[in-house]
Amino acid sequence: MPTGSVKLQSIKRLGQDNQSYEHNAKGNPEQPAIRVGFFQLFRFATCNEVLMMVAGSVCAVLHGSAQPLMLLVFGLLTDTFIEYDIELNELRDDRKECVNNTIQWKKNYTEVLNPNQTGWGVMNNSTWEMLIPLRNRTCGILDIEYEMTKFAIYYVGIGAAVFLLGYFQISLWVTAAARQIQLIRSKYFGKVMRMEIGWFDCTSVGELNTRMSDDINKINDAIADQVAIFLQRFTTFVCGFCVGFVKGWKLTLVIIAASPLIGIGAGFMALFVAKLTGMELQAYAKAGAVADEVLSSIRTVAAFGGEKKEVERYDRNLISAQRWGIRKGLIMGFFTGYMWLVIFLCYSLAFWYGSSLVLDTDEYTPGTLLQVFFGVLIAAMNLGQASPCLEAFAAGRGAATIIFETIDREPEIDCLSEAGYKLDRVKGDIEFHNVTFFYPSRREVKILDRLSVAVKSGETTAFVGPSGAGKSTSVQLIQRFYDPKEGMVTLDGHDIRGLNIQWLRSLIGIVEQEPVLFATTIAENIRYGRPGVSMDDIITAAKEANAYNFIMDLPQKFDTLVGEGGGQMSGGQKQRIAIARALVRNPRILLLDMATSALDNESEAVVQEALDKVRMGRTTISIAHRLSTIKNADVIVGFEHGRAVERGKHNELLERKGVYFTLVTLQSQGDKALNEKARQMADKEEEPQRSSLSRAGSYKASFRSSIRQRSRSQLSNLVPESSVPIVGELGPRAYSVSQADKSKNAIPEEEDDELVEPAPVARILKYNIPEWPYMLFGSLGAAINGGVNPVYSLLFSQILATFSVTDPVAQRREIDSICMFFVMVGVVSFFTQMLQGYAFSKSGELLTRRLRRFGFHAMLGQEIGWFDDHRNSPGALTTRLATDASQVQGATGSQIGMIVNSLTNIGVAIIMSFYFSWKLTLLILCFLPFIALSGGFQAKMLTGFAKQDKQAMEAAGQISGEALNNIRTIAGLGKEKNFVEMFEAQLDAPYQAALKKANVYGACYGFAQCVIFLTNSASYRFGGYLVRQEGLHFSLVFRVISAIVTSGTALGRASSYTPDYAKAKISAARFFQLLDRVPQINVYSDRGDKWDNFQGNIEFIDCKFTYPTRPDIQVLNGLNVSVKPGQTLAFVGSSGCGKSTSVQLLERFYDPNHGRVLIDGHDSTRVNVPFLRSKIGIVSQEPILFDCSIAENIKYGDNAREITMNEVIDAARKAQLHNFVMSLPEKYDTNVGAQGSQLSRGQKQRIAIARAIIRDPKILLLDEATSALDTESEKTVQEALDKAREGRTCIVIAHRLSTIQNSDIIAVMSRGFVIEKGDHDHLMGLKGAYYKLVTTGAPIS
């Protein structure tokens, strides 16, 4: 196919979410290049499976030829009926009689009119015609009931064959695929577990997990039932055309000539819909950007009371999206109508031309006409239905590309290979010779640079040095996780690359900083250290590791489950179990990689004691940052920049004043501060990035305390929890959560969402009430469209009836009028489809817009604490506005159309059928549930099984997930084989499930396919009886049967729309949950105190507070401080002591958990929120500006009134901003860019100050307003601030003491309460914390 071409998926289901086109031009970057041929997908098939697939294919081909075969029977059947009817018509003429099985004139008539006699006068037209001898019409031979019985048996026979063929075709293919997939899964996992660690660095674990599940499922789709269904449909397509061409090539060509029109229509529709969807998304993107901007800076919006303004701005941007949506609906309606029009025109043309071939030239019998017509029709339909299968094949080949490449890849360090020496005696001397190394994932960074180090056997060597100096890397090289790029690592003089890997790793015991435990019992975890170890050995190891006592205190002792990733154990307990696991190996070499850094002092002492016990007589390498752990090492090696720069004992190195010396001095100074720090968690909220990651000391400490909350989220061990952003900005956390965690965490979240009770439809419709006229007209259009199918069967049977009319003139006239009628129906359905499309898209888009608006309004009304929850991050909320709101449409608009359409279709069909022949109708109605079921079942089939597969794979998925997340630990313990075996054992369940599914699925498919045959068989047989015994006209038999059968399939189709409907109800429910949530701090309410002479008197009384998302960290711990009107209060203290938090309580972003905040003597929780916030102006460290002009940003300061330009300029002057703005080309209309990106920090800061001034607030909050600036801008901004402070109550938070020396009250905070307060001179006199800060000139952070 040329690129950029549009590939039609199916024409049948217009109006579903349009997935019916694919635009190749865009070229999807996600899709891997397909480098696997279709037949290569079957490379793992054994002979058995190949046989199964061949047998399945044969069945599919035979099955595919059944429908065209049925047409042949159908044609004969029609001819029989028509012949019988003609005979009846002939014999109705009372001048004819049946003699010797031929129709002749009655004798007495012909004798009377012997032309030899005179009496010409008696002659008239009707008698003249009698002189013409009759055509040879047989009579009396045709026993209609007998014939129909014969056809019924044909039908039943074909039906039974179809059932069996359908069953075998599906079950054989699915079974064969299940076996191959099981093999692919185990091969893939087995190969992944053998890969070297460097490969895992370059491949994220989350990606591997998706490949294990999704990608292999895609291969499954491509090699299972889809192949069979494709073969079947393709055969039907070929056979249909064969029937057409063999039976009547002229008519076939005429029909084919018209079909490009349908193709063109479908192609255009796909193009337009793609374009319009793009436009709509673009238009919504604007509104989405507004929502994202507002939600990301929700604190600023709340502080300045901009909620209502933002909702308006959002709503304005929704209008254009709504417009495009409506256009899309209209165009879809137009093209659907166009397709129906073309189809009906085709019918009309085919029947008109076909009937002329039957009547004028006698080339065809009426039966042949039907065979040809339906042959081509069925062929075309099946071609359309076969194309989605091609998509599955392409997806499968794409997925297989990467998987097969992995299976074929040879690992660089193969951990399961048997090759390599095993030494008889191991001393344990390790030496690095000029080793150079960089990680494969970051080739540009040299980690080790010609490192040479010797570690003597039996000694304890400590590696020290700053982070990133290559200490841990060297340990990984000893384990041979990587091979050095240059140089070599030797063990007892042998290059370790020549040794057997499994054997080498079995000599080494390793205890890491974050030990990984597996989700099983304690005893099993220790047993991982060495296979087949006895319980006594386990107990000994546990005793040596100081773990025995705590284990015996647990209720289940050694059989206690440690939980996923050891989550049930504390850090110290996990660490000691890990040490026991390392000891049980009885290792020659012990590697301790910061084994105690994650512990609090108490557990550290215990673990350290355990380590000291076990180091005896082993080669030990210890990496540590804490001196207490290293002092007593035999040799200390100092690392810097990937080289060993010094070695010696503690005292020697102190004298050298090198790397070691700096580390020691830094640490002993920092120790006091550290201990305090460890007890508080840094909690700078606005700005997580600031918490300094660079200084190893504080980093270690905060890290230590954070480990405790971290038993669940295994962040990579680089980033202290303190820096987890709360606002959802991209703090360090965003990068450090490994993919694996994402995939682990993602699963439970989705489940949380699904627990929503689906919303009642009535409530959804309530929101749609204003659009009732649109919905009424839409339903009207839908109703007419629903009536089209039955009308079609009426016309179709009418045509058959005309073939038995004996008078040629009347016959021709009737056929012409029916063809005209077809054209009319086409035109009507063209307009009603357009009406339906437009009306419902209009009502749906209006509903979407309304819901988005309400939803956004509700979001902005929530209290700030709600936004801290990671489920409500700006990204998640914008997505919810974008998708949930538009999914709700699925429950109203188009859904109602669909339902009305199906109901009228079925209603009209049944009423019509009862009117023409109630007996036959009752018979067919017995089959109707089955027909509908089979239609619905086929829709269900495509979606339903996926869920069961998922559940079956869950256990295997857990094993693979655990294995891939902890691959280093597993490699270190040499346990790859065990995991592969466990994984393969778990694959049996999905395989059994697939086999069961193969049978169920096959049977259901066979049944669904053969129902129609059985229905036809019964109804035609009974129809024959009625025609014979009750004189029912034969065309009515066709009319009733085709009306009900088509409506039955329509019913099935309608039931296939229900997934959308269910989705819509759940989306709606989520929306209503949001709308119904009552915020704890309500912005929109008028309740609460307001008073006139607002002074600005503030008092914090014994405030205690924890953030709702981190209830375990006490941020404020009894804060007491007060400010009189007009005074300036300055907070100083280290990061995380609660300075900013107190400001947020004052703004009422949060309410204290205990204690009170009084404003002018009113309790803050009782004050009206908008009123309180309107009296407060805030300037924060990183001011957030909106993506609009400078003037608009300043006006944002007061959203309650219209602000004149003079006021803006006045405020700008006060903020030292005016001159700068006037120097810009567009002056106050200059756009500041997203988040103010076009301006420097000082400029942004001054705009923020102007914004605060324009409110004319009574209370001014300055949260480190100048800390981000260089000295020059700081001066300017500081001047502006000093001006702004005049006559206002002011609270300042600062890191630079120069900015706060002239404050009225300085409060020094630590750990959530004030340790000393007073003015500058008073505090200097106290010689306490403040004095120290000032004299050392240190920044307070």
Side-chain angles (χ1 to χ4, degrees), residues 426-432 451-465 469-479 489-493 496 504-505 507-513 515 529 541 543-547 575-576 578-599 603-640 644-656 658-661 663-664 667 700 972:
V426 179
K427 247 176 80 190
D429 285 331
I430 300 171
E431 197 166 349
F432 287 79
L451 167 73
S452 295
V453 152
V455 176
K456 297 218 170 48
S457 73
E459 289 191 341
T460 299
T461 307
F463 288 179
V464 297
K471 305 184 299 294
S472 297
T473 308
S474 51
V475 168
Q476 297 193 38
L477 289 180
I478 298 174
Q479 288 178 282
V489 181
T490 60
L491 170 67
D492 292 351
I496 61 171
L504 170 69
R505 288 182 186 166
L507 300 175
I508 301 175
I510 180 159
V511 183
E512 295 153 302
Q513 183 174 13
K543 283 185 175 149
E544 283 187 0
N546 279 353
Q575 202 58 285
R576 283 176 285 171
I579 293 173
R581 178 173 68 192
L583 294 181
V584 103
R585 302 174 77 100
N586 195 1
R588 289 294 312 126
I589 300 166
L590 194 58
L591 306 176
L592 306 175
D593 186 353
M594 305 222 246
T596 58
S597 66
L599 308 180
S603 2
E604 185 187 0
V606 182
V607 173
Q608 192 56 49
E609 190 188 337
L611 289 175
D612 290 340
K613 263 204 289 205
V614 301
R615 291 201 320 225
M616 294 311 154
R618 297 191 167 101
T619 307
T620 310
I621 295 181
S622 164
I623 297 181
H625 279 185
R626 292 207 200 163
L627 300 177
S628 50
T629 55
I630 318 173
K631 280 195 182 123
N632 45 9
D634 299 314
V635 182
I636 297 173
V637 179
F639 274 70
E640 200 171 31
V645 286
E646 55 187 20
R647 64 177 286 157
K649 286 224 177 348
H650 175 69
N651 300 336
E652 299 168 21
L653 294 182
L654 282 183
E655 287 158 22
R656 280 194 52 178
V659 180
Y660 187 62
F661 176 76
L663 284 174
V664 174
Q667 251 191 4
K700 275 296 156 225

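Not measured: the values here are computed from a predicted model. Scope of the values below: all heavy atoms of this structure, side chains included, with no hydrogens, waters or symmetry mates.
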Pairing residues for Ser457 by the side chain to side chain contact (heavy atoms under 4.5 Å, CB included) criterion, not counting sequence neighbours: Lys427, Asp429, Thr619
Between Arg588 (side chain) and Gly509 (backbone), is there a donor-acceptor pair under 3.5 Å? no
Nearest 0.5 Å please: distance from the CD1 atom of Ile621 over to the CG atom of Leu590. 9.5 Å
Where the side chain of Arg647 meets the backbone of Gly638, is there a donor-acceptor pair that is under 3.5 Å apart? no
Please examine the side chains of Thr620 and Asp634, heavy atoms only from C-beta on, and report whether any two atoms are closer than 4.5 Å. no
What residue among Leu491, Ile508, Val455, Ile496 forms side-chain contact (heavy atoms from CB on, under 4.5 Å) with Ile478? Ile508
What's the verdict on side chain to side chain contact (heavy atoms under 4.5 Å, CB included) for Thr461 and Val637, showing C-alpha distance, side-chain angles and the deciding distance? CA-CA 7 Å; Thr461 307; Val637 179; 3.7 Å; yes
Quick one: closest heavy-atom pair of Arg585 and Arg505, and the distance? NH2-O, 2.8 Å
Set of residues satisfying side chain to side chain contact (heavy atoms under 4.5 Å, CB included) with respect to Lys649, sequence neighbours excluded: Glu652
What's the separation between atom CG in Asp492 and atom CD in Glu431, rounded to the nearest 0.5 Å? 11.0 Å
To the nearest 0.5 Å, how far apart are CG in Leu592 and CD1 in Ile579? 7.5 Å
Closest non-hydrogen contact found for Ser474 with Phe432 is O-CZ, 3.4 Å
Residues at least two apart in sequence or cross-chain that pass side chain to side chain contact (heavy atoms under 4.5 Å, CB included) with Thr473, listed by chain then number, are Phe437, Tyr439, Ile447, Leu448
